[in-house]
Protein chains: 2
Amino acid sequence: MAGRPKIFDENVVVEKATSVFLDKCYDATSADELLAAMGIGKGSFYLAFQGGKQELYQRSLQQFSDRFSGKLETAIANAPNGIDVIKSYFYAIAEGNKATKYRGCYLGNALVQLSEKDNSTREIAARLLGRLQEIFTAAVRKAQAAGQLKTTADPELIGLHLCNFWNGIHVTKRMGKSPKALRALVDLNLQILS
Amino acid sequence: MAGRPKIFDENVVVEKATSVFLDKCYDATSADELLAAMGIGKGSFYLAFQGGKQELYQRSLQQFSDRFSGKLETAIANAPNGIDVIKSYFYAIAEGNKATKYRGCYLGNALVQLSEKDNSTREIAARLLGRLQEIFTAAVRKAQAAGQLKTTADPELIGLHLCNFWNGIHVTKRMGKSPKALRALVDLNLQILS
DNA sequence: CAAATTTTGTACTAATTAGTACAGAATAAA
DNA sequence: TTTATTCTGTACTAATTAGTACAAAATTTG
């Protein structure tokens, strides 16, 4: 392949863009701001991302989801009890830290922040969040089969509940609730996994 | 008081602005768009809302919360069983309709959509959502005292759970879930109110 | 009616926006 | 080395942005 070589790696710059999108909503993030964070110029950007800001955002959502889902799936697959892995994720949200306190879930944010006009991107975010739900469902089904769970409730429903609780706590966190209150909330909502 | 009379009612135009803010996030809503919806010119607007768009948004959040909280409190106070009123609100969300399917909760949206730079507005949204939590908590406490609830769990915790479930389902709804799935989710999360 | 007061609409500014055009730079292949 | 190819950085456009300035309009009070 002839031609001047790219001075950047697309995956790397998408990741840099993600950290900008995590701080503000899509519409409020300017292309200039993204370019500065990505460290490339307009020429390079609009050549690599011909769909402009929208394409960048969609790829950012996809990359984030791939990495996050992959990490969670691996952790569940390698643990003796996948349900414990899921529990630890929720308790980690309850603890939080200053940097992530007001960030929420990248995919959930997208779902809430996207205006009605950009249906295609919102559908992508919805589908990617659906993957999280499926991971929860699969882990519950596996644990039920292994006799690691008391509940006989539909694993689909429990998966939906966990995904919904995930969505909720990432919003409720932003109300400034203490880790103690959030821990009690997690306790209550994960009782079904005992 | 002498002077040319106002051609508009501030509460009315704030309400009109609210319906614009409901469709898109704060940052993405232009002042021009708001003015068009409000039906007033720049001169009038910047005189009545000297804090500009931010003041308008904060007053919009406050007005929305006042009206919504008032309606909910009245409904609970006038019902034989306040818990049934709360349940009906959640089942109504599960049913939804095309117009509100992707709208979510105005206050929750604010919490998620506001960038980190506008802390003061986010704190207002957090405080107003806290009112919802308090209404839930008070209703639970009252029902417990009246022997209408089996659970002896801390009413504060149940109130927090309901507020969190409220936050969650307004996001989960946007994943395109069917009313049937959402109803099952409500069933599961309101079991504690049986 | 005249003066004081308040509101309105228009015209304007200065900054920022997303995206395009294109000359030139850097490479691989012939 | 020449040619074909791909990428980069700069300069540009045309639209939109939030907010200001201010003259004229509409009212109350004296």
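The figures that follow rest on heavy atoms only: side chains count, while hydrogens, waters and symmetry mates do not. Each chain gets a letter, A, B and so on, in the order the sequences are listed, and its residues count up from 1.
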Inset, instruction - Tell me, with the steps shown, if B:Q144 and B:K150 meet side chain to side chain donor-acceptor pair (under 3.5 Å). - result: CA-CA 8 Å; B:Q144 281 180 329; B:K150 277 188 295 190; over 6 Å; no

Legend entry - Electrostatic pair A:E55-A:R59, nearest N-O below 4.0 angstrom: yes

Inset, instruction - Check B:P80 against B:Q148 and note the closest heavy-atom contact, atom names and distance. - result: O-NE2, 3.1 Å

Legend entry - Cationic N near anionic O, under 4.0 Å, A:D66 to A:R131: yes

Inset, instruction - For the residue pair B:H161 and B:F165, categorise the inter-ring angle as parallel (less than 30°), tilted (30 to 60°) or perpendicular (more than 60°). - result: parallel

Inset, instruction - Specify the separation, in whole Å, of atom CG of B:L34 and atom P of D:dT16. - result: 16 Å

Legend entry - Common cluster, A:I40/A:V12, ILVMFWY with side-chain heavy-atom separation under 4.5 Å: no

Pair up each side-chain donor or acceptor in residues 104-111 of chain B with any protein partner under 3.5 Å, not counting sequence neighbours, and list the distances.
residue : atom : partner : partner atom : Å
B:Y106  : OH   : B:S60   : OG           : 2.5
B:N109  : OD1  : B:R174  : NH1          : 3.3
B:N109  : OD1  : B:R174  : NH2          : 3.2
B:N109  : ND2  : B:R103  : O            : 2.7

Inset, instruction - Strictly below 4.0 Å, heavy-atom distances to any atom of DNA chain C: list the hits from residues 9-21 of chain A, or just say none. - result: none

Legend entry - Neighbours of DNA chain D within residues 45-53 of chain B, by heavy-atom distance under 4.0 Å: B:Y46, B:K53

Inset, instruction - Find the bend of the helix from C:dC1-D:dG30 to C:dA30-D:dT1 as the angle between its two terminal axes (five pairs each), to the nearest 10°. - result: 0°

Inset, instruction - May I ask you to decide if the ring planes of A:F90 and A:W166 are parallel, tilted or perpendicular, using 30° and 60° as cut-offs? - result: perpendicular

Inset, instruction - Please list residues of residues 23-31 of chain A whose heavy atoms come under 4.0 Å from any atom in DNA chain C, ordered by number; otherwise none. - result: A:T29, A:S30, A:A31

Legend entry - Pairwise side-chain contact, B:L128 with B:L61, heavy-atom cut-off 4.5 Å (strictly under): yes

Legend entry - Close side-chain approach of B:V171 to B:N167, heavy-atom, < 4.5 Å: no

Inset, instruction - Report yes if some heavy atom in the side chain of A:Y91 is under 4.5 Å from a heavy atom in the side chain of A:R183; otherwise report no. - result: yes

Legend entry - Atom pair distance, as rounded to whole Å: NZ in B:K6 and C1' in C:dT8: 11 Å

Inset, instruction - Return yes if some donor-acceptor pair links the side-chain N/O of A:Q113 with the main-chain N/O of B:C25 below 3.5 Å, else return no. - result: no

Inset, instruction - Compare every heavy atom of B:D27 with every heavy atom of A:A28, then report the nearest pair and how far apart it is. - result: CB-CB, 3.3 Å

Inset, instruction - Would you kindly confirm whether A:F49 and A:L47 end up in one hydrophobic cluster when ILVMFWY residues are joined by side chain heavy atoms under 4.5 Å apart? - result: no

Legend entry - Nearest-angstrom distance from the residue atom CD of B:E33 to P of D:dT16: 12 Å

Legend entry - B:P5 side-chain proximity, nearest of C:dT8, C:dA26, D:dA26: D:dA26

Inset, instruction - Determine whether B:I192 and A:L188 make a side-chain contact, defined as any pair of heavy atoms from C-beta on separated by less than 4.5 Å. - result: yes

Inset, instruction - For A:M38 and D:dT8, give me the distance from atom CE to atom P, rounded to whole Å. - result: 11 Å

Expected rows: protein N/O vs nucleotides 9-15 of chain D N/O, under 3.5 Å:
residue : atom : partner : partner atom : Å
D:dG9   : N7   : A:G43   : N            : 3.4

